Amino acid sequence: MTDKNTIPDSNAIIDERRQKLQKLRESGWSHPNQFRRTHLAAELHAIHDGQDNAGLEPASINVAIAGRMMLKRAMGKASFATLQDMSGRIQIYVTKDAVGEDMLETFNQYDLGDILGAEGTLFRTRTGELTVRVNHVYLLTKSLRPLPEKFHGLTDQELKYRQRYLDLITNEMTRKVFTVRSKVVQGIRNFLTERGFMEVETPMMHPIPGGATARPFITHHNALDMQLFLRIAPELYLKRLVVGGIEKVFEINRNFRNEGLSTRHNPEFTMLEFYEAYADYNDLMNLTESMLRKIAVETTGSARLVYQGREVDLESPFDKLTICDAMSRYHPAYTAEKLNDRVFVGAELDKLGIGFQKDDGLGKLQLMLFEETTEQLLFKPTFIINYPAEVSPLARRNDRNPEITDRFELYIVGRELANGFSELNDAEDQAARFSEQALQKNAGDKEAMHYDADYIRALEFGLPPTAGEGIGIDRLIMLLTDSPSIRDVILFPQMRPE
RNA sequence: GGGGCGGUAGCUCAGCGGUAGAGCACUCGGCUUUUAACCGAUUGGUCGUGGGUUCGAUCCCCACCCGCCCUACCA
């Protein structure tokens, strides 16, 4: 920390409020914590919805509410103010007649942003707004800093990310996004546990990073004097659990990848991974489709969404295409015949300036061409299937064609959302594929996988036939909240230090 | 890594060679059904940082820092 960060900055407004706080302290006020509320704002609106003032005011319904004062309208001998709690907003009305001159004067000293508690009775104003006629109002927390402009709120993207608390105070849309996020995660938990899956937590610190091809963050454990890696995926641990007999298992947690930042990448991101024994990748595609459909309806009210102005239909059956079929559909010039001609595919990659190795298989070249030309066009939900074995070191080979695997990726709005496959449970095949990855790592490929001997040992005890999948939660939230950047759906996205 | 745009009052923004502006917020005064309350009067700035050009720079030039977007890399 530099001096700049430890010396409290000040301006006329902050100085003024510090003086108010000082006077409060001198009067014996000391951040009281005995106020208890009876209702949230939204509860009061819900309970008394449709009730007019003739039915409301004579009933003298006592309520106690608390929240941050967001607006204030003082009129000499009476004041209106708007309090905001986690559920929404409600208006209070403080009058000299009801609270006396002293309390009104005290109330008028309170600032926007202060946390207040208020007791009183309900009525409706002549414009019909449900309001608490206050007979006691308490200052619970003094706010020393002025809030952002009351109408526009906080719009500066940098400040929204760095000071998310301010963004949450002032922008209802931001609160909505994270409310939806919470509901989505809860909905996924319910969906899976209802189907007999068990939620677990596996290590975040791995002696050997595995389960994906990505560069890891490296850290060090002092007492053990050993290098550790923040996990890039939980996959190998979850499959160890399936070996252990937890036949339906899932984890929702953070992965860390030491790679670039973008609107679709944050170095730490949330992944759902789940594994089901005695199931294959077709079962997972079915499960994924019904889960996404259900979650969309639960959290947005519909399986027909709009993302950045375009309709996304999660209601109709998703497309299911092989890598080559997808290219042929979106680029009719790429006929099946041409795509199976290694010379043609290689020439296309050359034309696009994409480098490849002489010993890369046709399947890998097709995948590279697909990623360059077609991936971003898959706006409509589409399962892409038949991934080549050479880029799928943890997936089961296809029974009819050992060059490809029983694997899929799900694309929606041109982005990868999920990746799943029938698991490779042949311990000897897995050992051979690890060896191959280890060779590539020694040859300088920073992303090739390590040889994980304990994982092989686990497989040697026997992994039942299993299928597993990962779903990027942040990207799912982006889709469901119509957010253009992953930073909009992560409360505290990675930023450079101030 | 490359490109584009941006950084001016606490916040939202205007100004773009001649000593810094508005709205909101703050302070003071008025107002007992307002609601982005209103009316009146104030207060508030190292114009991202450092160089340069100029009689004079917030404005032009260079470098740097920070951010957003695109692109590249990357599951």
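Since we're looking at a predicted model, the values are computed, not measured.
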[atom1] spacing across the pair [N] / [M], given as an integer number of angstrom:
| N | M | atom1 | value |
| --- | --- | --- | --- |
| C26(B) | G7(B) | C1' | 24 Å |
| G10(B) | A25(B) | C1' | 7 Å |
| C64(B) | G2(B) | P | 10 Å |
| C5(B) | A37(B) | C1' | 38 Å |
| C16(B) | C60(B) | C1' | 10 Å |
| U49(B) | G40(B) | P | 36 Å |
| C74(B) | C61(B) | P | 37 Å |

Just checking [X]: base, sugar-phosphate only, or nothing, at a heavy-atom cut-off of under 4.0 Å?
| X | value |
| --- | --- |
| G153(A) | sugar-phosphate |
| T95(A) | base |
| A74(A) | base |
| R475(A) | nothing |
| L166(A) | nothing |
| T263(A) | sugar-phosphate |
| R215(A) | nothing |
| L71(A) | sugar-phosphate |
| E149(A) | base |

Atom [atom1] of [X] to atom [atom2] of [N]: distance rounded to whole Å?
| X | N | atom1 | atom2 | answer |
| --- | --- | --- | --- | --- |
| L159(A) | C11(B) | CG | C1' | 9 Å |
| R17(A) | G44(B) | CZ | P | 18 Å |
| K72(A) | A36(B) | NZ | C1' | 16 Å |
| D156(A) | C5(B) | CG | P | 19 Å |
| D52(A) | U33(B) | CG | C1' | 16 Å |
| H265(A) | A72(B) | NE2 | C1' | 12 Å |
| Q376(A) | C70(B) | CD | C1' | 14 Å |
| D15(A) | U27(B) | CG | P | 12 Å |

Among [options], find the nucleotide with the atom closest to the side chain of [X].
| X | options | result |
| --- | --- | --- |
| K20(A) | U12(B), U27(B), U32(B) | U27(B) |
| Y93(A) | C26(B), U32(B), C69(B) | U32(B) |
| K96(A) | U32(B), U33(B), C69(B) | U32(B) |
| E16(A) | C66(B), C26(B), C74(B) | C26(B) |
| M75(A) | U32(B), C69(B), G10(B) | U32(B) |
| D111(A) | U34(B), C11(B), U27(B) | U27(B) |
| M495(A) | U33(B), G67(B), C13(B) | G67(B) |
| I13(A) | G10(B), U32(B), U34(B) | G10(B) |
| L112(A) | U32(B), C26(B), U34(B) | C26(B) |

OG1-CZ distance between T405(A) and R396(A), expressed to the nearest 0.5 angstrom: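 It comes to 10.5 Å.
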When you check the phosphate oxygens OP1 and OP2 of [N], does a side-chain N or O of [X] lie under 4.0 Å from one of them?
| X | N | answer |
| --- | --- | --- |
| T131(A) | U33(B) | no |
| K150(A) | C24(B) | no |
| S485(A) | C69(B) | yes |
| T82(A) | U34(B) | no |
| R496(A) | C65(B) | no |

Quick one: which of E423(A), E276(A), E251(A) gives a salt bridge (charged side-chain N to carboxylate O under 4.0 Å, His left out) with K239(A)?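 Exactly one candidate clears the test, E423(A).
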Could you walk me through whether F274(A) and F250(A) pass the ring-ring contact (aromatic ring centres under 6.0 Å, His included) test, one step at a time? CA-CA 4 Å; F274(A) 57 101; F250(A) 76 100; 8.1 Å; no
Quick one: sort the F80(A) and Y93(A) rings into parallel, tilted or perpendicular, breaks at 30° and 60°. parallel
Would you call the rings of Y110(A) and F107(A) parallel, tilted or perpendicular, taking 30° and 60° as the class edges? perpendicular
Please determine whether any donor N or O and acceptor N or O are separated by less than 3.5 Å between the side chain of [X] and the base of [N].
| X | N | answer |
| --- | --- | --- |
| R73(A) | U32(B) | no |
| R126(A) | U33(B) | no |
| T125(A) | U34(B) | yes |

Does the structure show a Watson-Crick or G-U wobble partner for [N], both distances under 3.5 Å? Name it, or say none.
| N | answer |
| --- | --- |
| G44(B) | none |
| G1(B) | U71(B) |
| G6(B) | C66(B) |
| C60(B) | G52(B) |

In sequence, state the C-alpha distance, the side-chain angles, and the governing distance for Y161(A) and D488(A), and then conclude on side chain to side chain donor-acceptor pair (under 3.5 Å). CA-CA 8 Å; Y161(A) 296 150; D488(A) 297 325; 2.8 Å; yes
Could you go step by step and tell me if D97(A) and T95(A) meet the side chain to side chain donor-acceptor pair (under 3.5 Å) rule? CA-CA 5 Å; D97(A) 291 347; T95(A) 65; 5.3 Å; no
Show the numbers, then the answer: is there a side chain to side chain donor-acceptor pair (under 3.5 Å) between N53(A) and R126(A)? CA-CA 9 Å; N53(A) 193 46; R126(A) 62 171 65 142; over 6 Å; no
Select from E129(A) and L147(A) the residue whose nearest nucleotide in RNA chain B is closer to the 5' end of that strand.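 That would be L147(A).
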Along RNA chain B (nearest heavy atom to each residue), the more 5'-positioned of R264(A) and D97(A):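 Closest to the 5' end, via its nearest nucleotide, is D97(A).
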Before you tell me yes or no, could you show the steps for S483(A) and R181(A) under side chain to side chain donor-acceptor pair (under 3.5 Å), namely the whole-Å CA-CA distance, both residues' side-chain angles and the distance that decides it to 0.1 Å? CA-CA 12 Å; S483(A) 298; R181(A) 180 170 182 130; over 6 Å; no
